[in-house]
J.: 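Dropping a structure here in structure tokens format, bear with me for questions.
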Amino acid sequence: MTPTPSEAPVFNLEILQVDADDTKADLEEDQWIAEDDVHGGTLPAHLVLPARNKEINYLLSRKVYSYATDTEAWTVTRKKPLKLKWIDSNKGDRHAFNIRSRLVCTEIRRKGTESIFSATPPLESLRILLARAASEPPVRPCGRRTSDPYKIQLIDVSRAHFYADAVRDVYIQLPAEDPRSGEPGVCGKLEKTMYGTLDAAERWGEHYAATLTKAGFIRGTASPCHFYHPGKDIWMLVHGDDFVTVARQEGRDYTKRVLSDAYEIKVDIAGPEPEDPKEIKILGRIVTFTPEGIQYEPDPGHVEKVIFELGLTESKGVATPGVRDETTVTAAELLERRRCYAPPRLEISPGLDDKEPEEDAWALLAGDELSRYQSLAASLNYFSLDRLDLMFAVKELMRKLSKPNDDDWQKLKRVARYLIAAPRLVMMYPWQALSDTLKVYTDADHAGCFRTRKSTSGGVVMWGPALLKAWSRTQTLIALSSGESELAAVTKAAAESMGIQSVLTDFGVKVKIEIHSDATAAIGICKRQGLGRVRHLATADLWIQQRIRSKDLKLFKLPGTENPSELMTKHKTAPEASRFMSMLGIRRLDGRPALPPSRVPPSTTHK
């Protein structure tokens with residue numbers, strides 16, 4: 001019998017059913033072993049089978065595919081049906097398993113395939129929502145509690161990618177659980193998008209956007225993942241299948257009703273009232289309501305993994321994540337590097353005292369050591385987005401990601417030992433009304449890299465007491481003076497702050513921009529008109545002059561000792577780093593947040 005596209009599959013769900021009489025011991029005798037495809041290690045088979053059964057039920061209820069033939073697939077797409085793969089993972093820990101299984105399609109983008117865009121919100125969007133939630137104290141100065149405070153609501157849509165209709169001809173191999181999977185020449189044709197297909201995320205984005213805009217939400221322009229409902233005072237960001245909202249009771253109920261009418265959802269909430277849960281995990285971060293305000297921190301699992309992988313669980317900590325490199329560079333090497341990165345400058349004739357650059361005395365990492373360095377450095381890079389004390393040190397590790405050596409390995413281990421001493425730092429969003437001004441602090445370390453003589457730009461964006469964004473970046477070109485490097489840093493700060501200004505506009509908020517720098521020369525260049533005597537600078541660097549003249553932003557001078565962005569440009573002593581972090585509302589806490597699961601043996605976690 002030849003299948004037709006209209007035929008919907010009927011699954012033999014008994015294949016995956018677990019008998020009530022089955023025991024853990026019976027399943028352990030089976031040869032099949034389930035692997036955790038996300039975190040590594042093995043999973044209990046008696047828990048994986050029901051998770052896969054649940055996924056198959058979704059495929060059935062959503063009518064994800066219909067039957068077709070291999071001949072049709074080849075005729076239409078000139079390709080064989082795509083393979084399917086089970087992805088099993090533990091969302092809990094080794095003591096409290098929470099198994100999730102996904103049946104995904106293994107579609108790979110080939111050369112010449114049209115690119116497909118799927119947006120994700122910037123991290124500062126979440127911090128903006130936290131500032132909004134903290135903009136009204138739960139207890140007024142008179143002692144009365146706020147009757148209807150802002151709360152954070154997290155809505156998770158189950159199997160989100162199965163809701164959007166397929167718009168391309170995509171053919172798949174039948175899953176083993178399908179009763180017709182053994183028939184020769186029979187395959188499936190997707191009627192809905194499926195995890196793993198190239199356009200699944202884009203199609204889902206358009207689907208939920210249509211649902212929200214129909215309900216009166218305004219979609220953002222800075223990011224299509226931002227939504228704002230002016231009538232009900234709802235601020236929302238969407239990341240994949242997670243909908244994060246900050247609103248009062250009416251707004252939360254309305255959002256829940258809109259999404260539950262269209263999708264199957266799970267709802268979590270956190271708030272300041274006595275009966276509210278105080279801790280919630282959002283986009284891999286832990287958010288906690290406290291009497292002083294809202295506390296924000298990264299998942300400590302990344303730190304625990306790095307320390308465990310490096311075998312440092314019994315090691316002592318150090319006070320700083322790095323120390324300044326004092327490596328010297330010859331004059332001939334510096335001129336050669338200038339020729340590579342910038343227009344020709346003043347030349348000198350090589351003298352007898354000039355020497356060729358010495359070869360790196362450190363051996364390069366290779367094989368498993370190289371892979372371990374790259375994996376652990378990438379974990380620290382993700383973690384450092386919420387840890388300003390690590391940004392500069394981790395940025396230097398990432399610069400050597402392609403060709404690290406033994407010295408870089410030691411620097412990686414030093415960062416890990418610092419995290420033993422300082423495993424937990426949190427950002428505080430105190431109870432305070434929203435500000436009408438973004439304050440941006442910026443700094444540069446001129447020629448701070450002794451290997452390349454490149455400079456580092458650092459910056460912090462504050463919205464009142466709320467930290468929205470920070471960065472540490474190596475400048476692309478070699479600056480000939482501290483004024484030139486500081487100018488690049490100020491320009492970077494202006495661009496970043498204007499981007500955040502646009503994000504705030506998505507939520508109906510208009511703010512002014514103030515940039516604070518301790519660089520007199522850079523401020524002078526920014527406030528004048530034209531190139532002046534710095535004609536070697538690119539005119540793009542002077543874009544900021546026009547912005548200042550048009551009053552898009554204001555530029556101010558402040559003492560270097562009051563500039564917290566120094567923390568992102570060079571290694572600082574422990575007292576200096578502590579002082580700058582306190583200026584930014586960052587606190588050091590003991591213990592470990594209770595919500596995130598631990599994925600390493602108990603002896604490696606911080607009590």
J.: Just to verify, what does Tyr195 make a ring-ring contact (aromatic ring centres under 6.0 Å, His included) with, not counting sequence neighbours?
T.: His161, Phe162
J.: Given salt bridge (Lys or Arg N to Asp or Glu O under 4.0 Å), test Glu297 with Arg285 step by step and report yes or no.
T.: CA-CA 6 Å; Glu297 61 186 303; Arg285 276 80 181 176; over 6 Å; no
J.: Do side-chain atoms of Thr255 reach the backbone of Gly251 as a donor and acceptor pair under 3.5 angstrom?
T.: yes
J.: Using atom types as modelled and distance alone, determine if a side-chain donor or acceptor of Asp36 lies under 3.5 Å from a backbone N or O of Asn90.
T.: yes
J.: Would you call Lys411-Glu396 a salt bridge at under 4.0 Å N-O?
T.: no
J.: Report, one line per pair, each donor and acceptor closer than 3.5 Å where one atom sits in a side chain of residues 216-223; sequence neighbours left out.
T.:
residue : atom : partner : partner atom : Å
Arg219  : NE   : Pro224  : O            : 2.9
Thr221  : OG1  : Asp506  : OD1          : 3.3
Ser223  : OG   : Cys225  : N            : 3.2

J.: Applying salt bridge (Lys or Arg N to Asp or Glu O under 4.0 Å), name anything that partners Arg132, two or more places apart in sequence or on another chain.
T.: Asp233
J.: Distance from Leu198 atom CG to Glu107 atom CD, nearest 0.5 Å?
T.: 3.5 Å
J.: Is a donor from one side chain sitting under 3.5 angstrom from an acceptor on the other, for Asp408 and Tyr373?
T.: no
J.: Check the pair Lys266 / Ser158 against side-chain hydrogen bond (donor to acceptor under 3.5 Å, both in side chains), numbers first and verdict last.
T.: CA-CA 7 Å; Lys266 182 179 70 174; Ser158 299; over 6 Å; no
J.: Take atom NZ in Lys278; do more than 12 heavy atoms of anything else shown fall under 6.0 Å from it?
T.: yes
J.: Using the six-membered ring wherever Trp is involved, compare the ring planes of Phe392 and His571 and label them parallel, tilted or perpendicular (cut-offs 30° and 60°).
T.: perpendicular
J.: Measure the acute angle between the ring planes of His207 and Tyr163, then classify it against the limits of 30° and 60° as parallel, tilted or perpendicular.
T.: tilted
J.: In the structure I gave you, are the side-chain heavy atoms of Leu425 and Leu589 within less than 4.5 Å of one another anywhere?
T.: no
J.: Spell out, as yes or no, whether a donor-acceptor pair under 3.5 Å connects the side chain of Ser472 to the backbone of Met568.
T.: yes
J.: Can any side-chain N or O of Ser260 pair as donor or acceptor with the backbone N or O of Lys256 at less than 3.5 Å?
T.: yes
J.: Any donor-acceptor pair under 3.5 Å linking the side chain of Thr197 with the backbone of Thr193?
T.: no
J.: If you measure only the distance, is there a donor-acceptor pair under 3.5 Å linking the side chains of Thr245 and Lys151?
T.: no
J.: Measure the OH-CD1 distance between Tyr254 and Ile234 for me, rounded to the nearest 0.5 Å.
T.: 7.5 Å
J.: Run the side chain to side chain contact (heavy atoms under 4.5 Å, CB included) test on Arg473 and Thr456 for me, step by step, so that the C-alpha distance in whole Å, both residues' side-chain angles and the decisive distance to 0.1 Å come before the verdict.
T.: CA-CA 6 Å; Arg473 300 283 188 274; Thr456 295; over 6 Å; no
J.: I need the minimum non-hydrogen distance between Ser582 and Arg579, along with the two atoms involved.
T.: OG-O, 2.7 Å
J.: Does a side-chain N-to-carboxylate-O contact under 4.0 Å join Glu264 and Arg62?
T.: no
J.: Verify the neighbour count for atom CG of Asp261: are there more than 12 heavy atoms of other residues, nucleotides or ligands below 6.0 Å?
T.: yes
J.: If I take atom CG from residue Leu412 and atom CG from residue Leu310, how far apart are they, to the nearest 0.5 angstrom?
T.: 5.5 Å
J.: Between Arg424 and Asp590, does any side-chain N to carboxylate O distance fall below 4.0 Å?
T.: no
J.: Which value, rounded to the nearest 0.5 Å, describes the distance between Ser315 atom OG and Arg417 atom CZ?
T.: 7.0 Å
J.: Main chain of Glu309, side chain of Arg372: is a donor-acceptor contact present, judged purely on distance under 3.5 Å?
T.: yes
J.: Quick check: Phe243 with Tyr208 (ring centres under 6.0 Å apart)?
T.: yes
J.: Determine, stepwise, if the pair Asp88 / Arg52 fulfils salt bridge (Lys or Arg N to Asp or Glu O under 4.0 Å).
T.: CA-CA 8 Å; Asp88 305 304; Arg52 291 189 175 186; 2.6 Å; yes
J.: Does a side-chain heavy-atom distance below 4.5 Å link Ser89 with Arg100?
T.: yes
J.: Give, for atom OG1 of Thr313 and atom CD1 of Ile420, the distance between the pair rounded to the nearest 0.5 Å.
T.: 8.0 Å
J.: How about Arg145: does its CZ atom have over 12 heavy atoms from other parts shown lying under 6.0 Å from it?
T.: yes
J.: What verdict does the side chain to side chain contact (heavy atoms under 4.5 Å, CB included) test give for Tyr418 and Asp389, after you've listed the backbone C-alpha separation in whole Å, the side-chain angles of each residue and the deciding distance to 0.1 Å?
T.: CA-CA 10 Å; Tyr418 169 72; Asp389 54 329; 2.6 Å; yes
J.: Got a donor-acceptor contact below 3.5 angstrom from the Trp431 side chain to the Ile294 backbone?
T.: no
J.: What's the shortest heavy-atom distance between Thr290 and Met428, and which atoms?
T.: OG1-CE, 3.9 Å
J.: Give me the atom names and distance for the closest heavy-atom approach of Trp471 to Val461.
T.: CZ3-CG2, 3.7 Å
J.: Check whether the side chains of Lys572 and Thr320 place a donor and an acceptor atom closer than 3.5 Å, and report yes or no.
T.: no
J.: Under 3.5 Å, is there a donor-acceptor pair linking the side chains of Tyr429 and Gln295?
T.: no
J.: Does Asp276 use its side chain to pair, donor to acceptor, with the backbone of Glu273 at less than 3.5 Å?
T.: yes
J.: State, with a plain yes or no, whether a side-chain heavy atom of Ile128 is found less than 4.5 Å away from one of Leu468.
T.: yes
J.: Between Leu390 and Leu419, is there a side-chain heavy-atom distance shorter than 4.5 Å?
T.: yes
J.: Here's a test for you: under ring-ring contact (aromatic ring centres under 6.0 Å, His included), which of Trp463, Trp235, Tyr228 qualifies with Phe507?
T.: Trp235
J.: Dump the intermediate steps for side chain to side chain contact (heavy atoms under 4.5 Å, CB included) on Arg387 and Phe383, then the final yes or no.
T.: CA-CA 7 Å; Arg387 285 288 296 264; Phe383 186 73; 3.4 Å; yes
J.: Do the side chains of Tyr263 and Arg159 get nearer than 4.5 Å, heavy atoms only?
T.: no
J.: Does the pair Gln374 and Leu370 meet the rule for a side chain to side chain contact (heavy atoms under 4.5 Å, CB included), with working shown?
T.: CA-CA 6 Å; Gln374 292 171 332; Leu370 173 61; 3.6 Å; yes
J.: How close do Pro321 and Val415 get, heavy atom to heavy atom, and via which atoms?
T.: O-CG2, 3.5 Å
J.: Would you say Asp299 and Leu595 make side-chain contact, with heavy atoms under 4.5 Å?
T.: no
J.: Backbone N or O of Ala209 within a donor-acceptor pair of the Thr213 side chain at under 3.5 Å?
T.: yes
J.: To the closest 0.5 Å, what do you measure between CG (Leu283) and CG (Leu237)?
T.: 6.0 Å
J.: Should Leu584 and Val460 count as side-chain neighbours, where that means a heavy-atom distance under 4.5 Å?
T.: yes
J.: Heavy-atom distance under 4.5 Å between the side chains of Ile269 and Ile280, does that happen here?
T.: no
J.: Taking NZ in Lys192 as the centre, count heavy atoms belonging to other residues, nucleotides or ligands within less than 6.0 Å. Is the count above 12?
T.: yes
J.: Are the side chain of His239 and the backbone N or O of Asp242 linked by a donor-acceptor pair below 3.5 Å?
T.: no
